[in-house]
Novice: 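Questions regarding the structure given below will be posed in turn.
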Amino acid sequence: QVHLVESGGGLVQAGGSLRLSCVASASGFTLSYYDIGWFRREPGKEREGVSCISRSDSDTWYADSVKGRFTISGDYVKNTVVLQMDSLKPEDTAVYYCATGILACNGGYFEPSRYTDWGQGTQVTVSS
């Protein structure tokens, strides 16, 4: 099992920025094929994919709602993936989760069914 810890959520005004981090760790096996993605869930709504990054070639995917505003990047020496969120809108308010799975973002193709391990989530609140 891969252990994930998110950080960086908080309260920000519309138009502001937040930086979410996800640190992955595992015991007894390599994370070489584990891609990381970010999801979010608003109260009363289904969870939705936000972005993902392929560990092998750094290909990325973004949901249409965040394209041009969010940027995902990986530092695999530290086993950390960062989601930089700029130009935030009130509709970005949600609990954000990072998740990982084998080849779950291969070639920048988002495959939500491949995510098998999840973090606890971090709250992002954007005020208008």
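Please read all numbers here as calculations on a predicted model, not as lab measurements. Residues take their numbers from the sequence shown, with the count starting at 1.
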Novice: Counting C-beta onward and ignoring hydrogens, is there a side-chain heavy-atom pair between C22 and W38 closer than 4.5 Å?
Specialist: yes
Novice: Which residues pass the side-chain hydrogen bond (donor to acceptor under 3.5 Å, both in side chains) test with T116, sequence neighbours left out?
Specialist: none
Novice: Are V124 and F70 co-members of a hydrophobic cluster defined by side-chain heavy atoms under 4.5 Å apart?
Specialist: yes
Novice: Quick check against the 3.5 Å criterion: does S51 have a side-chain atom that pairs as donor or acceptor with the backbone of W61?
Specialist: yes
Novice: Does anything in residues 105-115 pair up under salt bridge (charged side-chain N to carboxylate O under 4.0 Å, His left out), and if so which pairs, sequence neighbours excluded?
Specialist: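 Listed by first then second residue: E111-R114.
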Novice: Under the ring pair (Phe, Tyr, Trp, His ring centres under 6.0 Å) test, which residues partner F39, sequence neighbours left out?
Specialist: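 With neighbours one apart ignored, the set is F110, Y115, W118.
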Novice: Only pairs at least two apart or in different chains count here, so list each side-chain hydrogen bond (donor to acceptor under 3.5 Å, both in side chains) that has a residue in residues 18-27.
Specialist: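 Applying side-chain hydrogen bond (donor to acceptor under 3.5 Å, both in side chains) to every pair that reaches into residues 18-27, excluding sequence neighbours, yields R19-Q84.
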Novice: Other hydrophobic cluster members with Y109, side-chain heavy atoms of Ile/Leu/Val/Met/Phe/Trp/Tyr under 4.5 Å, chained?
Specialist: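 Direct or chained contacts put Y109 with none.
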Novice: Quick check: does any side chain N or O of Y62 sit under 3.5 Å from a backbone N or O of I72, one acting as donor and the other as acceptor?
Specialist: yes
Novice: Cut-off 3.5 Å, side chains only: do N106 and S54 have a donor facing an acceptor?
Specialist: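 Per modelled atom types, N106 and S54 side chains form no pair under 3.5 Å.
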Novice: According to the side-chain hydrogen bond (donor to acceptor under 3.5 Å, both in side chains) rule, which pairs have a member within residues 70-80, sequence neighbours left out?
Specialist: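 For residues 70-80, and leaving out neighbouring residues, the side-chain hydrogen bond (donor to acceptor under 3.5 Å, both in side chains) pairs sorted by first residue read R55-N79.
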Novice: Are any of the side-chain heavy atoms of V81 and I53 separated by less than 4.5 Å?
Specialist: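 In contact.
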Novice: Please answer whether the main-chain N or O of C98 pairs with a side-chain N or O of E6 as donor and acceptor at a distance below 3.5 Å.
Specialist: yes
Novice: Is the shortest side-chain heavy-atom distance between Y96 and M85 below 4.5 Å?
Specialist: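 They are in contact (side-chain heavy atoms under 4.5 Å apart), so the answer is yes.
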